[in-house]
Amino acid sequence: MRLRALVYSLAGCAAALAVTWEIGQAAAPRVTPAAPSAPPPAAAPTPAETPTGSSASAPATSAAGPSGTFSGSTAQTSYGPVQVAIVVKAGRITDVKALQLTNQDGRSVAISAGAAPILRTEALRAQSAKIDTVSGATYTSDGYRTSLQSAIDKAHL
Amino acid sequence: MRTVATPPPQPWVAEARAERRESFRRRMAAADLLVAVAWTSVALACGLFLAAGGAATTSLHDVGSLFTAAGILTGLAGTDLLLVMLVLAARVPLIDRTFGHDKALAAHRHIGKPALYLLLAHAVLLTIGYGISDRTGPIAETVTLLTSGRDMLLAYLGLALLIGVVITSLTAVRRRFAYEAWHLLHLVSYVGIAVAVPHELGQGAVLAHGSLERLYWIALYIVAFGAMAVYRFARPVVVSLRHRFRVVAVERVAEDVVSIHLAGRDIDRLGAEGGQFAIWRFWSRETWFHAHPVSFSTAPTGGTLRLTIRSLGAGTARLADLRPGTFVSLQGPYGLFTDRARTAPYLSVVTAGIGITPVRSLLEDADLRPGEATVLLRASDERQQYLWEEVVRGVRATGGTAYTDTGHRPRGRATWMSAAAAARGVQLTTIFPNLLQSDLYVCGPGPWADLVVRDARRAGLPRHRIHLERFEA
């Protein structure tokens with residue numbers, strides 16, 4: 001009887017770890033690229049002011065507002081730089097990409113990785129940099145807001 | 001004491017064997033499943049770290065991140081164990097029916113220290129891990145953490161409370177406290193667990209806002225604290241108010257033993273079984289602050305209840321003066337010292353002193369066939385033969401056999417029977433010829449009961465056939 005409890009327990013534990021590992025792996029691509037993909041823009045001492053899409057003055061959508069991707073300035077925090085870029089379509093922010101997130105160490109990365117999706121959702125909802133601080137990720141939130149605001153300014157939204 | 005020859009097998013035996021084996025199989029299936037659920041919850045707690053991408057942010061080359069990962073994992077596992085402990089102590093009916101109240105609490109005690117060690121490791125490992133990452137020492141990091149806001153201060157407070165609760169629960173320390181004082185102190189652990197929640201949800205990234213992990217974690221707390229609130233606190237109040245037990249009479253059984261007769265509404269619906277106990281509180285001015293774990297001493301299914309209590313302390317001594325009409329509240333009924341827990345066709349019972357009380361109601365509640373039950377009642381002297389007459393009469397009325405053994409145990413010999421019986425070479429198997437086809441119910445003072453269990457194990461009775469109710473004498 002005890003043996004069966006042991007077998008059930010081992011099976012349950014193995015299943016739990018396998019499933020959560022799988023979830024972690026599936027989520028990982030969203031989490032890790034932020035740091036590795038950051039170097040190019042981070043390497044530039046002055047934040048890239050080059051809209052990669054059509055510029056704010058693009059006539060195609062002038063009536064509705066600007067379109068394109070606008071990188072914000074790099075905000076320095078105690079736990080590393082934070083930089084975001086916004087994707088704008090007809091004057092609306094349709095996506096916020098984290099180019100750099102606090103990456104000082106495993107803890108900072110974990111914190112900002114947890115906070116970034118929330119900050120992004122907030123930003124998309126607010127359509128501005130007036131977003132709440134994610135508790136436990138104060139530095140990331142501050143940096144995120146600063147960089148987001150500069151990106152919005154650049155897009156002349 | 002005398003011995004009898006093995007009676008011929010009865011036709012009902014095979015049927016009863018199959019029936020009880022099946023009920024035991026079902027109970028064990030539930031038990032194994034519950035054990036597995038508990039362990040899986042620990043793995044799942046650790047898995048939250050993986051699900052939040054913990055493996056990706058932990059690098060073998062970064063010592064700080066390794067410490068941090070270990071710290072997070074120990075925190076998750078330790079907290080999960082704390083919640084398991086809460087559920088074990090919450091008197092959940094499913095757990096009581098499956099393991100029994102005493103085994104659930106034994107498991108609760110068993111997990112206590114490991115859970116605390118995990119949480120201490122959590123604090124130490126994270127302080128070191130963060131310290132390495134921040135390039136400061138553990139002391140500077142502790143200062144940083146302590147000053148990083150209300151959440152962390154509360155978390156340190158919670159840990160300190162839990163350390164205090166575990167220390168006061170160590171056997172040596174616990175003896176110094178009256179049960180009531182110890183129990184009040186023990187309730188502080190709820191506070192200790194609850195104040196740690198803000199730092200769990202606010203600090204780490206594992207339980208970030210809007211994540212599934214956070215929802216699951218909160219659900220765990222709701223289940224654990226909910227079980228506590230419902231079964232430990234709300235249900236006793238509801239049961240007490242529904243049945244409105246009152247003292248009808250107090251009857252002196254012996255110099256130090258009284259029987260308290262209770263009347264109440266719908267006793268049938270109490271769902272109590274013979275052999276069970278409840279934790280009683282008698283609401284008179286002198287007695288309301290003591291709660292007494294006492295077994296039913298008659299089958300709790302008729303129109304009245306009877307509790308038989310031996311005075312062990314000042315609290316129980318005052319029960320003799322209870323007035324008729326006194327309101328009585330209860331937590332319970334609890335326990336698996338019942339007919340339901342039997343796994344074999346025959347029933348063998350050994351009691352000592354006041355240990356006879358649950359047996360009295362167990363025998364009355366069990367539907368016994370002739371030859372099914374064999375009972376041995378023990379007392380150190382004549383004054384301890386509480387309820388003997390009615391038990392012997394009851395056993396014989398169902399066609400069972402009752403033996404008695406009166407006399408002090410021999411000095412310097414580890415035996416559970418009187419010197420005279422031991423000298424005659426009496427053994428469990430000579431008293432209970434069907435011992436190996438029976439469940440053995442043992443109720444009496446702890447050290448004495450352990451000796452009975454020792455002999456039963458030596459005779460070859462499997463552990464699950466032994467049902468033990470130890471009294472602290």
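Chain A is the first sequence line, chain B the second, and so forth, proteins listed ahead of strands; every chain is numbered from 1.
The environment of R340(B) atom CZ is sparse: at most 12 non-hydrogen atoms of other residues, nucleotides or ligands sit within 6.0 angstrom. Other residues, nucleotides and ligands contribute more than 12 heavy atoms inside 6.0 Å of the CZ atom of F99(B). Counting heavy-atom neighbours within 6.0 Å of Q127(A) CD, excluding the residue itself, gives a total above 12. In R21(B), the CZ atom is not crowded: 12 or fewer heavy atoms of neighbouring residues, nucleotides or ligands sit closer than 6.0 Å.
Atom CG of L212(B) and atom OG1 of T20(A) lie 12.0 Å apart (nearest 0.5 Å). R463(B) contributes atom CZ, which lies 11.5 Å from atom CZ of R2(A) (distance to the nearest 0.5 angstrom).
Residue contact with chain B, scored on non-hydrogen atoms closer than 4.5 Å, involves the backbone and the side chain of L17(A) alike. Both the backbone and the side chain of L33(B) come within contact range of chain A, with heavy atoms under 4.5 Å apart.
With sequence neighbours excluded, no residue forms a ring-ring contact (aromatic ring centres under 6.0 Å, His included) with H110(B).
Contact record, W21(A) with L50(B): CE3-CD2, 3.5 Å, taken as the closest heavy-atom pair. Shortest non-hydrogen contact noted between R25(B) and R4(A) is O-NH2, 4.4 Å. Taking both residues in full, the closest heavy atoms of S9(A) and A36(B) are given as OG-CA, 3.3 Å, listed atom of the first, atom of the second, then distance.
A side-chain hydrogen bond (donor to acceptor under 3.5 Å, both in side chains) check over residues 35-50 of chain B, counting only residues at least two apart or in different chains, returns the pairs S41(B)-D80(B).
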